[in-house]
A.B. asks: 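For reference, the structure I am asking about is given below.
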Amino acid sequence: MNVEGHVYVNDNLRTLIYEEINAYKTNKSSTFLPAVVQIANVSTLPGIVKASIALPDVHAGYGFAIGNVAAFDMSNEKAVVSPGGVGFDINCGVRLLRTNLFYDDIKNKQEELAQLMFNHIPVGVGSQGVIICNQEYLDDALCSGMDWCVKEGYSWVEDKANCEDNGRSLYADSNCVSIRAKKRGITQMGTLGAGNHYAEIQIVDEIYDKKSAKLMGIEKKNQVCVMIHSGSRGLGHQIATDALIDMEKSMKKYKINVIDKQLACTPIHSKEGQNYLKAMGAACNFAWINRSSMTFLARQAFSKCFNQSPDDLDMHVIYDVSHNIAKIEDHIVNGKLKKLLVHRKGSTRAFPPFHPLIPLDYQYCGQPILIGGTMGTYSYVLTGTEKAMDVSIGSTCH
DNA sequence: ATGTCC
């Protein structure tokens with residue numbers, strides 16, 4: 001190990017991760033190594049600084065554990081970037097919209113509202129979108145992120161201000177995205193996907209910080225919000241797949257040995273590393289466009305249900321934050337300001353998600369301020385695997 | 001997570 005592994009868990013979670021290790025000892029045919037072993041393996045990668053960090057949602061994933069945060073020193077020419085540290089669903093993230101409605105306003109219209117959401121937002125594996133997009137449009141979109149959405153009239157200008165990186169990756173270059181990835185993405189703009197992805201109508205259950213809540217337009221309990229959890233669909237998946245194949249080759253070229261084949265990586269400053277970051281940036285832009293497109297569709301659904309404009313319903317974006325991304329950031333490491341490539345895979349992050357003066361170990365912990373410990377109380381859930389009318393009570397965690 | 005294998 002080049003650095004320590006830091007694991008943030010409570011007693012219950014610690015029991016779970018020990019159980020995972022014991023289960024692996026009796027059955028080693030599992031696709032993934034136990035999460036704690038993955039945390040340790042990541043600590044052996046070239047150029048890692050400070051620690052391989054596991055946040056409370058830690059569980060086994062491809063190469064890196066989900067919940068793993070790992071930062072690499074940009075001034076170290078051997079420091080690496082690894083697609084496994086970002087994940088297959090590049091820039092998967094959550095977005096919260098507010099409304100000026102309260103539970104009493106929707107309690108007799110819940111089925112109608114859920115059905116309207118379901119009718120507007122395509123869901124499921126292989127689902128295709130209604131947002132008009134051709135090849136030329138797609139290249140522009142992949143380079144421009146939410147600026148493209150504003151230009152096309154899908155986003156409000158102010159949406160960008162409440163979105164991580166203003167909804168636009170500086171690394172994006174559509175020339176680094178394969179034809180195949182573009183082909184998969186071109187029909188999927190404004191689609192939810194499957195698995196743990198959802199578009200959910202939520203009721204504010206408790207306000208923990210009145211001042212912050214007021215700033216975000218949340219005034220009192222029972223206010224109606226919409227949360228959208230989705231990512232870069234087939235486009236991001238293909239970019240990750242392409243990069244893993246490319247890096248398997250580049251590891252021979254740069255003579256990099258890794259402890260686990262799933263930790264395929266390449267020097268950040270290599271041609272292959274730069275190509276991945278540019279393609280990853282394009283996938284990030286696609287995911288922001290995707291969530292923005294579904295914001296557009298959710299606004300339409302609400303507008304139809306209540307016969308008011310989305311503006312009259314005050315349907316602003318409160319925040320949009322990624323949990324599958326690698327970014328170049330300035331951080332203080334052992335008292336010195338350093339430029340780092342930070343891999344974040346999984347983990348709900350605090351809002352605002354990043355501040356250079358907050359130690360690396362702490363700034364990724366915590367839930368969004370408004371939501372507290374759970375992410376939905378009386379919510380209608382729309383996912384690719386659930387029916388439109390399923391009601392989720394309690395926490396919907398990702 | 002994913003046209004759940006090109």
Side-chain angles (χ1 to χ4, degrees), chain A residues 29-33 35 38 55 57-69 82-95 121-131 133 135 138 142 177-200 227-246 248-249 261-264 276 279-291 293-294 320-326 343-349 375 381-386 396-398:
Chain A
S29 65
S30 166
T31 321
F32 299 143
L33 293 167
Q38 294 186 318
L55 296 175
D57 67 332
V58 62
H59 56 288
Y62 184 92
F64 288 55
I66 296 156
N68 193 183
V69 178
S82 175
V86 173
F88 278 91
D89 190 2
I90 297 165
N91 190 9
C92 186
V94 287
R95 167 176 293 209
I121 302 174
V123 302
V125 174
S127 57
Q128 306 211 331
V130 290
I131 306 292
C133 185
Q135 183 71 54
L138 186 64
L142 292 177
V177 178
S178 68
I179 300 287
R180 197 167 165 193
K182 288 178 185 173
K183 207 172 171 181
R184 286 179 70 173
I186 203 159
T187 59
Q188 294 186 322
M189 209 174 263
T191 63
L192 190 69
N196 61 0
H197 287 169
Y198 59 82
E200 184 172 278
M227 186 172 272
I228 295 167
H229 174 207
S230 187
S232 50
R233 309 283 286 109
L235 182 128
H237 191 275
Q238 191 61 47
I239 286 171
T241 306
D242 291 342
L244 285 165
I245 294 164
D246 195 35
E248 215 168 303
K249 289 180 211 151
K261 196 186 160 208
Q262 291 184 358
L263 294 175
Y276 171 66
M280 185 209 69
C284 287
N285 284 339
F286 187 85
W288 279 315
I289 289 170
N290 193 30
R291 290 196 286 278
S293 302
M294 284 184 282
D320 180 305
V321 63
S322 170
H323 48 244
N324 277 14
I325 198 165
H343 296 66
R344 295 193 184 87
K345 179 175 177 180
S347 300
T348 303
R349 291 153 65 200
M375 284 219 172
V381 179
L382 306 177
T383 75
T385 51
E386 310 281 338
T396 53
C397 194
H398 49 87

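Everything quoted here is computed from the prediction, not taken from an experiment. Sequence lines set the chain letters: A, B, ... in the order given, protein chains first and strands last, and positions in each chain run from 1.
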A.B. asks: Does A:Gln188 reach a base, just sugar-phosphate, or nothing at all? Heavy atoms under 4.0 Å.
C.D. replies: sugar-phosphate

A.B. asks: How would you list, by chain and number, every residue that makes a side chain to side chain donor-acceptor pair (under 3.5 Å) with A:Ser30, sequence neighbours excluded?
C.D. replies: none

A.B. asks: Rounding to an integer number of Å, can you tell me how far A:Ile179 CD1 sits from B:dC6 P?
C.D. replies: 18 Å

A.B. asks: To the nearest Å, give me how far apart CZ (A:Phe88) and P (B:dA1) are.
C.D. replies: 13 Å

A.B. asks: Starting at atom CD of A:Gln238, determine the distance to atom P of B:dT4, rounded to an integer number of angstrom.
C.D. replies: 11 Å

A.B. asks: Please name all residues satisfying side-chain contact (heavy atoms from CB on, under 4.5 Å) with A:Ala283, sequence neighbours left out, ordered by chain then number.
C.D. replies: A:Ile90, A:Ser232, A:Leu235, A:Ile239

A.B. asks: Can you figure out which of B:dC6, B:dT2, B:dA1 approaches the side chain of A:Arg180 most closely?
C.D. replies: B:dC6

A.B. asks: Once you round it to whole Å, what is the distance between P of B:dA1 and CZ of A:Phe286?
C.D. replies: 17 Å

A.B. asks: Write down the distance between CZ (A:Arg344) and P (B:dA1), rounded to a whole number of angstrom.
C.D. replies: 20 Å

A.B. asks: Rounding to an integer number of Å, can you tell me how far A:Arg233 CZ sits from B:dT4 P?
C.D. replies: 12 Å

A.B. asks: Which part of the nucleic acid, if any, lies within reach of A:Gly231 when heavy atoms closer than 4.0 Å are counted: base, sugar-phosphate only, or nothing?
C.D. replies: nothing

A.B. asks: Would a distance-only check, ignoring hydrogens and angles, find a side-chain to backbone donor-acceptor pair under 3.5 Å from A:Lys182 to A:Leu138?
C.D. replies: no

A.B. asks: I need the A:Asn68 CG to A:His59 NE2 distance, nearest 0.5 Å.
C.D. replies: 12.0 Å

A.B. asks: Rounded off to whole Å, could you give me the CD1-to-P distance for the A:Ile66 and B:dT2 pair?
C.D. replies: 13 Å

A.B. asks: In whole Å, I'd like the distance from the OH atom of A:Tyr198 to the C1' atom of B:dA1.
C.D. replies: 15 Å

